[in-house]
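Proteins get letters first, then strands, A, B, ... in listed order; numbering begins at 1 in each.
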Amino acid sequence: MDKREFLKSLIVFIPAGGVIASLAKQAGAKAPEPAYQAKNHYYGMGIEIDKCIGCNRCVEACKLENDVPDEPFYFRTWVERYTIKKDRTVVVETVGLRKGKRKEIVEQEDVLRSFFVPKLCNHCANPPCVQVCPVDATWSTEDGAVIVDKNRCIGCRYCIQACPYGARYLHPKTKTADKCTFCYHRVVKGLLPACVEVCPTQARIFGDLKSQASRLVRFERLNKIHVLKPDLNTQPKVYYAGLDGEVR
Amino acid sequence: MNEDLRERLGEMLEQVTGFIYPNEIEIHWSILIVVYPYLTGLVAGAFILASLVKVFNVEEVRPTYRLSLLTALAFLLIAPLPLQLHLGHPLRSYEIFLTPNLTSAMAMFGFVYAWYLMGVLVLELWFEYRRDLIVWSREEGFPMSLVHRALSLFSADTSDAALAFDRKAIQLITVIGIPSAFLLHGYVGFIFGSVKANPWWGSVLMPIVFLMSAIVSGIALVMFLYMVLTPLRGEPIDMRCLDKLASYLFYAVIVDFSLEALDFIHRLYQSEESIHILGTLIASKLFMSLLVIQIFLGMLLPVGIMIAVRLFSLTAELRKLFYFTAIILIQLGIFATRWNVVIGGQLFSKSFRGLTTYKMEVAGIEGLITALVLLALPFGVLLVLLKVLPPWRKAAA
């Protein structure tokens, strides 16, 4: 090949190469995107106190869905009943599981106000549990859930101590820290968390803070919102509407 | 599920007063985590006492110099054991070294520990004993000669220049060692003090209080060992040394007490939301361990004893008796301090509305027997160390 031939073929080769490259790029773009993109979502939960009737369906659904032990000392979510008496004393109790004895609550005359508060992991944006885990076994996902890897957790329980909300426990079978995941396995498939799914009064609202069409954003627009223990700067993503000042 | 655990937690459910979050029924950091800061404190305290000789040239306490170092080593070797036994997955603990989370105070433990053990204690002991090891190995028969030669890492240089280098190295290591000892135990305090969720722990004073109580317990332990071992060897107790140790102990207790009083007054005066539940906690669950054992028996009484010794010129025998009583009480008090921090911090609900109970196992892995064995083990290690590296046996020049 002499110089002239070489330059000629170069003139053909460069644009041809460009066309092939762009075709290849397009072919690449056609490769199916993964159905779920974490970066497009940021989850939270809304809870409307006045709608909760304390039926505990959410707790039972959670235990079934997530293999949470039956005993009344392991919960990923639970419901508290607050009774404020006329003398301003406050009585709080955890609503019992249906299997256990459930006392009939007789309306007493000295009650000033009474309400239920569903509790769960707040999936804090600034989570103290994640900060203290010595081996990075718990972390915040891109889409805003705080997750524990049970194959990595060493069971030191520092995260349980660091959580201000009592949302974590040590799973007696796996001997690792366990907690609410917003039912992450369901959420990535486009399903709702089990507790939200079964709530008969829609007291729990799950949604995507990044989507303007989300029910959670609507909930935030229509209600005065409060979070638990805001002074600790954990930046919870479980938002309460109608939260009473007595609730901790 | 473990039947035992189910039964235990079920029983505790009935002993809850007020309201606690349902997951809080289980006390997660048990007696083993009480033992851990107690042992680490003894290490730091014993080392700081040893440093007095080398850095501040306090000649009176020289008889306890080597004993302090060996004590620190014996306790340091056992200190991580309670942590290891307490893990849900002990076999995964190496993850802390391999893939530590740099924002976790606990993850730093491996590094602080390794640094203190290898960078400070073992190194200082080696330089301190090197010449003696060489001389001993020449004098003895098999197998101790081999053990001592191996421990000296087969060095053989006993020239003046080499000995001068040893002395310089010890000086340098001690200077680095003091902040390291402070770091070791201050850091243990930080593990608790940095937990903002828990008002009983979350205090900026926590590392300093831990450190001062460590110094108190370390000095008391070395005094104890010195007072027990010296007569066993048929030698007289050096009263100048003992009086000096006691005076350091006295000042350390005073500083420790002042710091804890400051913390207490500060909390009371600030009167934050948690003050009610903490008040109830002290008045009920911690009455015995905090007010009676820690403050009265562990602090006020020994301080009273030591003041009495200072006021009245007592005979040596009486002084020994008084000191011995005081140091036993102080050890008891410091153990109660650890108990009150670790267990006390878990007895109240983070809802600030109720208290739970700690029911200690006896035979289980996190039980009383394990704790007692762990507390006894360092003395076993120390016995071996004293046989191999006798602190009182000076090689002839």
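- At a heavy-atom separation below 4.5 angstrom, chain B is approached by no residue within residues 178-188 of chain A.
- When atom types are taken as modelled, the side chain of B:Asn23 and the backbone of A:Leu170 share no donor-acceptor pair closer than 3.5 angstrom.
- For the atom pair CD of B:Glu95 and CD1 of A:Ile154, the computed distance is 8.5 Å after rounding to the nearest 0.5 Å.
- If you measure heavy-atom distances from B:Ile96 to chain A, the contacts under 4.5 Å come from both the backbone and the side chain.
- Looking at B:Trp201, only its side chain comes within 4.5 Å of chain A, counting heavy atoms on both sides.
- With A:Trp78 contributing its side chain and B:Tyr21 its backbone, the two residues share no donor-acceptor pair below 3.5 Å.
- Within the 4.5 angstrom heavy-atom criterion, no atom of B:Ser349 approaches chain A.
- A cation-pi arrangement is found for A:Lys229 relative to B:Phe352, the charged atom lying closer than 6.0 Å to the ring centre and inside a 45° cone about the ring normal.
- Looking at residues two or more places apart in sequence or on another chain, you find no ring pair (Phe, Tyr, Trp, His ring centres under 6.0 Å) involving A:Tyr165.
- B:Arg92 places a side-chain heavy atom less than 4.5 Å from the side chain of A:Thr176.
- By the ring pair (Phe, Tyr, Trp, His ring centres under 6.0 Å) test, A:Tyr42 is found to be paired with no residue, residues two or more places apart in sequence or in another chain being considered.
- B:His28 contributes no side-chain N or O that, together with a main-chain N or O of A:Tyr158, makes up a donor-acceptor pair within less than 3.5 Å.
- A donor-acceptor distance shorter than 3.5 angstrom exists from the side chain of B:Lys196 to the backbone of A:Leu232, with no hydrogens or angles considered.
- Annotation: maximal heavy-atom pairing with chain A below 4.5 Å, among B:Gly110, B:Ala197, B:Ser104, occurs at B:Ser104.
- For B:Leu13, the part sitting under 4.5 Å from any heavy atom of chain A is the side chain, from C-beta outward, and nothing else.
- Heavy-atom proximity under 4.5 angstrom to chain B picks out A:Glu246, A:Arg248 from residues 239-248 of chain A.
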